[in-house]
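Notes to accompany the following structure.
What you see below is based on every heavy atom in this structure, not just the backbone, and it leaves out hydrogens, waters and symmetry mates.
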2 protein chains.
Amino acid sequence: MTQPPSLSDRLRRGDVLAAACPSREVLRHVTGRWAVLILIVLEEGTQRFSALRRRVDGVSERMLAQTLKHLEHDGLVARVSHAVVPPHVDYTLTPLGEEAAAHVRRLADWVEANVPQIVAARG
Amino acid sequence: MTQPPSLSDRLRRGDVLAAACPSREVLRHVTGRWAVLILIVLEEGTQRFSALRRRVDGVSERMLAQTLKHLEHDGLVARVSHAVVPPHVDYTLTPLGEEAAAHVRRLADWVEANVPQIVAARG
DNA sequence: GTAAGTACGCACATGTTTGTTAGTGCGGAA
DNA sequence: TTCCGCACTAACAAACATGTGCGTACTTAC
């Protein structure tokens, strides 16, 4: 007879199934429409803003800036701004970010490999 | 001098970085707010509608039904309806769905394990 | 008799995300 | 000289995601 963990236990250790858990928010950030793609591109190495904009097809400057801010806020991306003209800003994955990026890339790789099957399943 | 792959090549093999690629849409479904949680719960085994509703804290019936439809449409979830009263409907992961679920669960596990660090990083 | 559970569908309202456009200040290319 | 590139930000508008409340047809429990 093991007792099921209490709500506060679940929140402390991070339980995505609990609505009030902050892990929900983090997961939302990491799995966001653009965040996934940005993490994948950043896994190749440091990139600057406009390079990211070109690599991530379809992202607007607004969404790119906003998503980068979220990732930076969560400590997954480091922003380094060089005070030169024209402006030069570098974005790099933190160690934490590298781990997250590896996970989302594996997921994206799987999707890419299985798109044909999935599309076929829609008959 | 290898030529970079053409757009049509990238679309055929599934390239999330290309805006027109259907893998983008599939990725959106799989990483959707509720889809992630539903996949994780379904990984434990077949579940019925109301059981899912109870396990996935905070989901509304509308969103649950809609998300299940998307996942079914993509061939990740199988729906079996028993014609009895009261209604009884079972949801199960397909082999394809099991693979997807494994990936998202690993990502969610990582997030859960690292929430404290991430929250701390927001200082 | 009344309420709750079952698995949803529909209409409406709200909230959140995303896009669009315009602007910044300066240097280098045409 | 006129335009582009850089790395954004602000304001506004549109699109989409999501929640709420109601209805279904029947059974079991209270």
Between [options], which nucleotide gets closest to the side-chain atoms of [X]?
X	options	value
B/Met63	D/dG19, C/dC8, C/dT18	D/dG19
A/Val85	C/dA7, D/dT27, C/dC26	C/dC26
B/Trp34	D/dT18, C/dG9, D/dT9	D/dT18
A/Arg62	D/dC8, C/dG19, D/dT18	C/dG19
B/Tyr91	C/dC8, C/dC26, D/dT18	C/dC8
B/Pro86	C/dG19, D/dC8, C/dG5	C/dG5

[X] vs [N]: side-chain N/O to OP1/OP2 distance below 4.0 Å:
X	N	result
A/Arg79	D/dC8	yes
B/Ser60	D/dT18	no
B/Ser50	C/dA7	yes
A/Lys69	D/dC8	no

Nucleotide [N], atom [atom2] - distance to [atom1] of [X] in whole Å:
X	N	atom1	atom2	answer
B/Asp90	C/dT6	CG	C1'	13 Å
A/Gln66	D/dA11	CD	P	15 Å
B/Leu68	D/dT18	CG	P	13 Å
B/Arg28	D/dA15	CZ	C1'	12 Å
A/Arg48	D/dA7	CZ	C1'	9 Å

**OP:** Check A/Leu42, A/Leu96, A/Thr94, A/Thr67 against A/Val77 for a side chain to side chain contact (heavy atoms under 4.5 Å, CB included) and give me the one that passes.
**Re:** A/Leu42
Original post:
Below 4.5 Å, heavy atoms only, C-beta onward: do A/Phe49 and A/Asp90 meet side chain to side chain?
Top reply: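 With C-beta onward as the side chain, the pair stays apart.
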Original post:
Taking side chain as C-beta onward, heavy atoms only, is B/Val89 less than 4.5 Å from B/Arg48?
Top reply: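 Contact flag for B/Val89/B/Arg48 side chains = no.
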Original post:
Taking A/Asp57 for the side chain and B/Ala19 for the main chain, is one N or O donor matched with an acceptor at less than 3.5 Å?
Top reply: yes
**OP:** Would you classify A/Arg33 as touching base, sugar-phosphate or nothing, given that sugar-phosphate means primed atoms plus P, OP1 and OP2, and contacts are heavy atoms under 4.0 Å?
**Re:**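 Sugar-phosphate contact only.
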